There are 2 protein chains.
Amino acid sequence: MIQIPHVSMEDVARRAGVSIATVSRTLRDQANVAEETRRRVLRAAEELSYVVSPIASRLATGRTGAVGVVIPYASRWYFGQVIAGAESVLRDCGLDLLLYNVGDQAARKRFFERQPLRRRVDAVLAVAMPFTDSELSTLHGLGVPMTVVGFDSPGIPSVRINEAATIDRAMQHLFDLGHRRIAMISTYADQNVWLPVAHQRRTAYLAALAEAGVEPDPQLVISVPFSVGNGERATAALLALEDPPTAIFAESDELAFGALTALRRAGIGVPESVSVLGVDDHDVSQLLDLTTMRQLVFQQGSLAAKILAKALGIDCVAPEPDTESGTVLVPTTLIIRGSTGPAPHG
Amino acid sequence: MIQIPHVSMEDVARRAGVSIATVSRTLRDQANVAEETRRRVLRAAEELSYVVSPIASRLATGRTGAVGVVIPYASRWYFGQVIAGAESVLRDCGLDLLLYNVGDQAARKRFFERQPLRRRVDAVLAVAMPFTDSELSTLHGLGVPMTVVGFDSPGIPSVRINEAATIDRAMQHLFDLGHRRIAMISTYADQNVWLPVAHQRRTAYLAALAEAGVEPDPQLVISVPFSVGNGERATAALLALEDPPTAIFAESDELAFGALTALRRAGIGVPESVSVLGVDDHDVSQLLDLTTMRQLVFQQGSLAAKILAKALGIDCVAPEPDTESGTVLVPTTLIIRGSTGPAPHG
DNA sequence: CCCCTGTATGTAAGCGTTTACAGTGTCACC
DNA sequence: GGTGACACTGTAAACGCTTACATACAGGGG
């Protein structure tokens, strides 16, 4: 490893024959630097291939130039999308993205005890992680702007979809196709994530049924821990019912994948016998021909990042129209594919 | 936003009635601090809920305490796994994870021009990104340890799988099942990622054929850009051949998903008529009952992070047995599921 | 009793920027 | 020719730590 002797501002200043203050001013594009001087400085910096030490800048300015992204499961599709979306914006804003993956309870506990974000980030972006009051006050204690994606938290700007409307649109599609016996695969509270979303989606499902005048059947609502494979098990259970559903609405595409698999295994035609519908529009959904409510997750991540950049007073990206309000609702779209079809005749 | 007046070491020192040097020593667990003093300092820090400013530490020590993770597509399964794996280790080592997503050419160019990593990270972890010589020398110019995942680069420690052995094992499985007409869906060079891997896998495929005494058929090797959906198109093309294959080996599971979909659409039985085999063991593979060569991607990410931590002299995790050598090969396993079966009779 | 060793603590010099403030020089204008 | 105003540029004080070095004190050995 060749340790390169770090070139400092002083070196540049000496070479350009100016003071380091002038170098600093030039490099940050401030006014009051003579054109000729500016050129000399820039050339000197170029020749020494100088880059400012972000750390020293940070110490001097008090800004860390970083945004902490707190996420439960970095490796899942949804979260990967959010990360990518946020990263794309933050990069353009010259902000670092500090990733904190706090999926399991131990990591989460440590995160809130040690508070690794303290004095380390200018802003926080939390994804699909409902916080306890104590956690929230800890986060507020950081004294930095915060934004959340995927849920609401009082007093914090958020980016999410309209859960109720999304679920309702999906249910309407099934009703339109003549389905009445519609099951829902929901996620089981794991204390860590999704709880409110799962609840909202179940509630919206029940509301849609009620509005359509369909008596809800408790047997048709199954809650499983979010995991690939549990959707399959849930579906197997549904199929074993005396009066199985003609449509299965999964809280997320991954669960719907399981449903499709279970149905195929059981030799049950999709959509001739049973329709399946998910939420997300996961990359794989198109392949599996899954009808789904598409939500633009990448966009939600980038939107949240834009809100933060704005809060930090960094002008780096085209502003979004309506990021002013507390909650930004990103629209969802019904993507009709081959997994949904008319309800089979009684 | 309540701006909390930052408590500094001086405040703690004053409260404990010692100098800031003693506070610093205490907080970093150095020797030569009287037990009694240590207690006083810790209590003072506790009472003021003081945390060291990482930035000031960094300036003083010259270490950034961060590792840059350079990745082409943060939102894809493989990369998400690597990120999660690396993050888990880095967190334990007290290192920050700085994410750089440089998938598209523009981002990549900017990355290497601006060199945002300079003076910002103590180490670099590059994932599945073959570099040009110029890029490599830029990276070396950072003067920090580096490790790569998913490929080899001369002079840089790497963590990856044994491509040749992995592909060979997969092919043997197909041969064992009596297949002779085996297609391969490979990825198309996109200048950015995978090129060497794609090449290696194709080469290994051909080598396996040769060893088995099977004449390779150029028509059976299709290269497509890596994207969900292209696997499907490739498969459709294969099925349209006069003498279609009895088995399809996809370079990665995502491509295999497409193959499965195309086959199902075409009403062709899997594995009765055509077997399908992938590489990865993607989360969804189990659901789709896809036979695949499992590679432990999360583990590759964490291993790489461990190597870096070690190179930085940070003793934070149980050392792995064989991270000494230049290249660490993580074993792959054939996971036999329902997508492969005996070749249909002539 | 003095000197040396060793431990505990304090002092102060960095680390590499940013930026308030203090020059310095020019020029227009009276 | 004196005087502001103005445009540049330099000086030096932060920023909040780490750490080499100095200091102080306590014992132990000669």
Side-chain angles (χ1 to χ4, degrees), chain A residues 3-42 44-45 48-66 94 96 118-122 143 313-314, chain B residues 3-42 44-45 48-66 94 118-122 143 313:
Chain A
Q3 262 307 339
I4 290 182
H6 276 186
V7 183
S8 83
M9 217 169 228
E10 205 179 331
D11 300 312
V12 179
R14 198 175 312 123
R15 183 172 194 116
V18 297
S19 72
I20 64 168
T22 301
V23 176
S24 178
R25 276 190 285 259
T26 303
L27 263 29
R28 23 190 50 241
D29 263 336
Q30 293 191 335
N32 288 338
V33 178
E35 190 50 38
E36 150 70 6
T37 312
R38 175 183 303 276
R39 260 198 296 274
R40 271 218 316 284
V41 170
L42 289 180
L48 297 172
S49 67
Y50 167 79
V51 274
V52 254
S53 156
I55 293 174
S57 287
R58 287 163 188 192
L59 220 212
T61 59
R63 308 189 76 170
T64 66
D96 286 337
R118 252 182 111 177
R119 302 176 137 215
R120 195 171 302 230
V121 295
D122 290 337
I314 301 180
Chain B
Q3 263 306 341
I4 289 182
H6 276 185
V7 183
S8 85
M9 215 170 231
E10 205 179 331
D11 301 313
V12 178
R14 199 175 311 124
R15 184 173 192 115
V18 296
S19 73
I20 66 166
T22 301
V23 175
S24 178
R25 277 190 285 258
T26 303
L27 262 30
R28 24 187 51 238
D29 264 335
Q30 292 192 335
N32 288 339
V33 178
E35 191 49 38
E36 150 70 7
T37 312
R38 175 183 302 278
R39 259 196 298 274
R40 270 217 317 284
V41 170
L42 289 180
L48 298 173
S49 67
Y50 169 78
V51 274
V52 192
S53 156
I55 292 174
S57 287
R58 288 164 187 190
L59 220 212
T61 60
R63 309 188 73 167
T64 66
R118 253 181 111 180
R119 303 175 137 213
R120 195 172 302 231
V121 295
D122 290 337

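Keep in mind it's a predicted model, so treat the numbers as computed, not measured. All chains are named by letter (A, B, ...) in the order of the sequence lines, taking the proteins before the strands, and each is independently numbered beginning at 1.
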Could you state the atom-to-atom distance from CD1 of A:I55 to C1' of C:dT18 in whole Å? 16 Å
OP1 or OP2 of C:dA8 versus the side-chain N and O atoms of B:T22: is any pair under 4.0 Å? no
Quick one: B:Y50 OH to D:dG16 C1', roughly how many Å, whole number? 7 Å
Which nucleotide sits closest to the side chain of B:S24: C:dG16, D:dT18, C:dT9? D:dT18
Look at the side chain of B:V33 and decide which nucleotide, out of D:dT9, C:dT9, D:dT19, has an atom nearest to it. C:dT9
The side chain of B:L59 is closest to which nucleotide in this list: D:dC17, D:dA20, D:dG16? D:dG16
Nearest to the A:A34 side chain among D:dT9, C:dT9, D:dC17, which nucleotide is it? D:dT9
Output, in order, the C-alpha distance, side-chain angles, deciding distance and verdict of side chain to side chain contact (heavy atoms under 4.5 Å, CB included) for A:I314 and A:R63. CA-CA 12 Å; A:I314 301 180; A:R63 308 189 76 170; 4.3 Å; yes
Are B:R38 and B:D29 ion-paired here, with the side-chain N under 4.0 Å from a carboxylate O? yes
Separation of A:Q30 atom CD from D:dA7 atom C1', in whole Å? 15 Å
Does B:S53 have a side-chain nitrogen or oxygen under 4.0 Å from the phosphate oxygens OP1 or OP2 of D:dC15? no
Name the closest nucleotide to the B:A21 side chain, picking from C:dT17, C:dA12, D:dT11. C:dA12
I need the CZ-P distance between A:R40 and D:dC8, as an integer number of Å. 14 Å
Measure from the side-chain heavy atoms of B:M9 and tell me the nearest of D:dG10, D:dT18, C:dT19. D:dT18
Let me know the distance between CD of A:E35 and C1' of D:dA7, rounded to the nearest Å. 14 Å
CZ of A:R58 versus P of C:dT18: gap in Å, rounded? 12 Å
Nucleotide nearest B:R25 (side chain, heavy atoms from C-beta), chosen from C:dT9, D:dT11, C:dG16: C:dT9
B:V18 has a side chain; which of C:dT18, C:dG10, D:dG16 sits nearest to it? C:dG10
Taken to the nearest 0.5 Å, the spacing of B:R39 CZ from B:E35 CD works out to 5.0 Å
Considering heavy-atom distances to DNA chain D, does A:A31 or A:I20 have its closest nucleotide positioned more toward the 5' end? A:A31
Where the side chain of B:S57 is concerned, which of D:dC8, C:dT18, D:dC17 is the nearest nucleotide? D:dC17
I'd like to know if B:R58 pairs up with B:D122 as an ion pair, taking the criterion as any Lys NZ or Arg NE/NH1/NH2 lying under 4.0 Å from an Asp or Glu carboxylate oxygen. no
How long is the span from the CZ atom in A:R120 to the CD1 atom in B:I55, to the nearest 0.5 Å? 9.0 Å
In this structure, which one of A:L42, A:N32, A:V18 forms a side-chain contact (heavy atoms from CB on, under 4.5 Å) with A:T37? A:V18
Once you round it to whole Å, what is the distance between C1' of C:dG14 and CZ of B:R63? 18 Å
Distance, rounded to the nearest Å, where A:R38 contributes CZ and D:dC8 contributes C1': 12 Å
DNA chain C: 5'-proximal contact among B:N32 and B:R119 (nearest heavy atom): B:N32
